[in-house]
Amino acid sequence: MEGHSGGSPPRSSTGRVIEPGVSESHQQHRLEADRLGSLGIAVVTVSDTRSAETDVSGRFLTEQIRQQGHRLVDYRLVADEPSLIEETLSDLLQTDAQVLLLNGGTGISSRDGTFEIVNRHLEKVLPGFGELFRMLSFHEIGAAAMLSRATAGICAGRILVSLPGSPAAVRLAWEKLLQPELRHLVREASR
């Protein structure tokens, strides 16, 4: 490989490869974010039909949180009822969770109410999250990606993310968007 010295690529304290071509300031932000270490994360599955035993998406998120060395602050399964979602968010805002991950209820059916509740709580919206999620989804499922109202932003100094409930969508969002930037998001939200 031309220009390769034969050594290992430079890495951050958490093992992240420092990427060539990424701006120095962005890499500095990532290095500072990596120093945050373990994050406190809460997971909420919004569903009228799932149980703890059948909640594949919630189980995936809780497993990934632990595997990445983060702390699961809370896991809840709630019906797609606005009052229950609202109550759950209020409860979680009393915990030390730095990140609140909701999955389910982001579609356009009459029962899908998560987006409206989450949207009311967001003090700052991260439009790029939904845009990137739908772009990535488009490559997997085509034009049906437009039906997702996935969103993210800042709520009371925390990162609040609302994802579709499908296991494939949750995996896509975690692997491509959340896991690589979660510490960076938390760092920026707390500045």
Looking only at atom types and distance, does a side-chain atom of Arg183 sit under 3.5 Å from a main-chain N or O of Gly37, one as donor and one as acceptor? yes
Grouping I, L, V, M, F, W and Y whenever their side-chain heavy atoms are under 4.5 Å apart, do Ile154 and Ile41 come out in a common cluster? yes
Would Leu185 and Phe129 show up in the same hydrophobic cluster when neighbours are defined by side-chain heavy atoms closer than 4.5 Å? yes
Keeping Arg158 on the side-chain end and Ala156 on the backbone end, is there a donor-acceptor pair under 3.5 Å? yes
So, Ser38 side chain and Gly69 main chain: donor-acceptor pair closer than 3.5 Å or not? yes
Glu188 side chain reached by His184 side chain, heavy atoms, under 4.5 Å: yes
To the nearest 0.5 Å, atom OG of Ser162 lies from atom CG of Leu122 at 8.5 Å
Report yes if the side chains of Asp80 and Ile85 come closer than 4.5 Å at any heavy-atom pair, otherwise no. yes
Any side-chain heavy-atom pair from Leu100 and Leu93 closer than 4.5 angstrom? yes
Side chains of Ser83 and Glu81: do they bring a donor and an acceptor to under 3.5 Å? no
Under 4.5 Å between side-chain heavy atoms, counting indirect links through other Ile/Leu/Val/Met/Phe/Trp/Tyr residues: same cluster for Leu132 and Leu178 or not? yes
Can you hop from Leu77 to Leu160 via hydrophobic side chains spaced under 4.5 Å? no
CD-CD1 distance between Glu86 and Ile117, expressed to the nearest 0.5 angstrom: 5.0 Å
Partners passing side-chain contact (heavy atoms from CB on, under 4.5 Å) against Phe138 (at least two apart in sequence or in another chain): Ala145
Answer yes or no: is there a side-chain heavy-atom contact under 4.5 Å between Val44 and Leu89? no
Atom pair CG/CG of Leu177 and Leu172 - distance to nearest 0.5 Å: 6.5 Å
Locate the shortest heavy-atom distance separating Leu163 from Ala173; write the atom from each residue and the value. CD2-CB, 3.5 Å
I want to check something: taking the side chain as every heavy atom from C-beta on, are Leu102 and Thr88 in contact at a cut-off of under 4.5 Å? no
Looking only at side-chain N and O atoms, does Gln64 offer a donor or acceptor that is under 3.5 Å from a partner on Gln179? no
Rounded to the nearest 0.5 Å, the CZ atom of Arg187 sits from the CD atom of Glu181 at a distance of 11.5 Å
Chi angles and distances behind the side-chain contact (heavy atoms from CB on, under 4.5 Å) call for Glu87, Val78: CA-CA 10 Å; Glu87 181 182 320; Val78 299; over 6 Å; no
Min side-chain heavy-atom separation Ile159-Val161 under 4.5 Å: yes
Got Trp174 and Ile65 here, is their nearest side-chain heavy-atom distance under 4.5 Å? yes
OG of Ser57 to CZ of Arg50: how many Å apart, nearest 0.5 Å? 4.5 Å
hydrophobic_cluster_shared for Val73 and Val118, side chain cutoff 4.5 Å: no
Report yes if the side chains of Glu116 and Arg149 come closer than 4.5 Å at any heavy-atom pair, otherwise no. yes
If you measure from CZ on Arg66 to CG on Leu61, what distance do you get to the nearest 0.5 Å? 11.5 Å
Judged by atom type as modelled, is there a donor-acceptor pair below 3.5 Å linking the side chain of Thr106 to the main-chain atoms of Ala150? no
Nearest heavy atoms of Pro164 and Val170, plus distance in Å: O-CG2, 3.3 Å
